[in-house]
Amino acid sequence: GRTINVALVGNPNCGKTSLFNLASGSHERVGNYSGVTVEAKEATAHRGGYTLRLADLPGTYSITEYTPEELYVRRHILEQMPDVVVNVVDASNLERNLFLTTQLIDMNLKVVIALNMYDELTASGAKFDYEALGRMIGIPIVPTVASKGEGIDGLFDRVIAVFEDNEPTVRHIHINYGEDIERSISTLQNLIWQDCDIVAHYSSRYLAIKLLEGDRDTLRLLEGTANFGKIEETVAHETARLEKFYNDRAETVIANARYGFIAGALSETFTPGTADKNRKA
Ligand code: GDP
Ligand code: K
Ligand code: MG
């Protein structure tokens with residue numbers, strides 16, 4: 001059979017390790033504790049003739065560069081290039097968890113969402129048309145209860161389908177950051193595209209967005225490229241233009257656009273229950 005490299009990515013405490021242990025028969029420690037070493041645990045699982053090599057990555061709210069965990073997850077994705085990313089999402093805290101999803105969308109990866117803690121969502125009385133959300137964002141969404149092993153086989157079937165380019169839900173979407181930011185993204189993409197080696201490995205749109213967010217790790221990544229001087233100059237120019245226009249940091253404007261996208265998508269697909277943390281006060 002074939003081997004599929006799968007990275008488990010998600011917020012802290014969303015059930016990644018529970019899923020990892022159940023799927024692979026490992027016994028890594030489950031629970032929220034501090035002082036975790038930043039490293040990926042690896043184990044294998046088998047499904048339908050495939051070997052899934054799972055990496056349980058540190059929990060992160062974002063893929064910026066502000067914590068060792070965030071950098072670790074980002075580098076794992078960009079350097080190890082997993083075949084499929086399983087984005088584990090805590091169903092009882094959708095808005096916050098989907099923020100990370102918007103960044104995975106920018107990276108143009110093969111993603112399947114494990115809608116974990118689905119038992120908590122059901123118990124809260126919420127109604128969530130997750131299939132509709134999945135079609136909207138072009139990512140298959142599979143409910144799971146990792147602590148009880150529910151939904152894991154179905155999740156792996158979708159991972160295999162996505163890996164084999166055989167999953168009808170998959171469609172690459174762009175999050176629209178608004179006319180002005182989109183203009184800056186295109187300007188930078190045009191410069192990045194001129195380096196064939198870089199665009200063979202990374203989504204130029206992702207790199208452009210990261211540059212506008214002021215991400216130094218991404219700037220360093222582009223350092224050797226032929227256009228680097230021009231890129232650096234354009235980042236400074238476009239960032240200044242945006243900050244003047246919005247009277248706010250470009251990074252904040254982009255983050256707000258991500259939250260706006262999530263709020264819009266959830267308003268069409270999600271109705272909170274009465275005992276739901278997702279419910280707005
Ligand atoms: P991680 O930080 O993402 O690795 O999350 P863990 O696997 O350590 O899980 C955090 C906590 O949530 C643990 O107490 C788990 O037993 C619990 N948990 C994991 N999955 C589920 C689930 O689907 N439903 C419920 N109710 N609890 C879960
Ligand atoms: K919990
Ligand atoms: Mg864990």
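Whatever order the structure lists ligands and atoms in, that order sets their numbers, starting from 1. Keep in mind the model is a prediction, meaning the values are calculated, not measured.
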At under 4.0 Å between heavy atoms, is it the side chain or the backbone of Asp119 that contacts ligand 1, or both, or neither?
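Looking at Asp119 and ligand 1, just side chain atoms fall under 4.0 Å.
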Ligand 1-proximal atoms of Glu120, by part, heavy-atom distance under 4.0 Å
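The answer is the side chain.
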So is Gly59 in contact with ligand 1, going by heavy-atom distances below 4.0 Å?
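Flag not set, Gly59 not near ligand 1.
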State whether the shortest distance between N or O atoms of [X] and N or O atoms of ligand 1 falls below 3.5 angstrom.
{"X": "Asp56", "result": "no"}
{"X": "Pro12", "result": "no"}
{"X": "Val145", "result": "no"}
{"X": "Thr17", "result": "yes"}

Would you please classify the geometry between the His172 ring and the His174 ring as parallel, tilted or perpendicular, with 30° and 60° separating the classes?
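Geometry flag for His172 against His174: perpendicular rings.
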Give a yes or no on whether a salt bridge exists between Lys210 and Asp106, defined as a side-chain N under 4.0 angstrom from a carboxylate O.
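Result for this pair is no, no salt bridge flagged.
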NZ/NE/NH1/NH2 to OD/OE distance under 4.0 Å, Arg96 and Asp90
no
How long is the gap from CD on Glu268 to CG on Leu133, to the nearest 0.5 Å?
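Here the interatomic distance stands at 9.5 Å.
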Between atom CZ of Arg74 and atom CD of Glu65, what is the distance when rounded to the nearest 0.5 Å?
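Separation between the atoms: 5.5 Å.
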Suppose we only count N/O/S atoms under 2.8 Å; would Ser18 qualify as near the Mg ion (ligand 3)?
no
Report, in ascending order of atom number, the atoms of ligand 1 lying under 4.0 Å from any heavy atom of [X].
{"X": "Lys16", "value": "1 (P), 2 (O), 3 (O), 4 (O), 5 (O), 7 (O)"}
{"X": "Ser18", "value": "6 (P), 7 (O), 9 (O), 15 (C), 19 (C)"}
{"X": "Met117", "value": "12 (O), 18 (N), 19 (C), 21 (C), 22 (C), 23 (O), 24 (N), 25 (C), 27 (N), 28 (C)"}

Does a side-chain heavy-atom distance below 4.5 Å link Leu115 with Thr144?
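Not in contact.
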Centroid separation Phe99 to Tyr259 less than 6.0 Å:
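Between Phe99 and Tyr259, the centre distance is under 6.0 Å.
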Go through the steps to decide whether Glu213 and Arg258 satisfy the test salt bridge (Lys or Arg N to Asp or Glu O under 4.0 Å), and finish with yes or no.
CA-CA 13 Å; Glu213 287 177 332; Arg258 293 186 196 279; 3.0 Å; yes
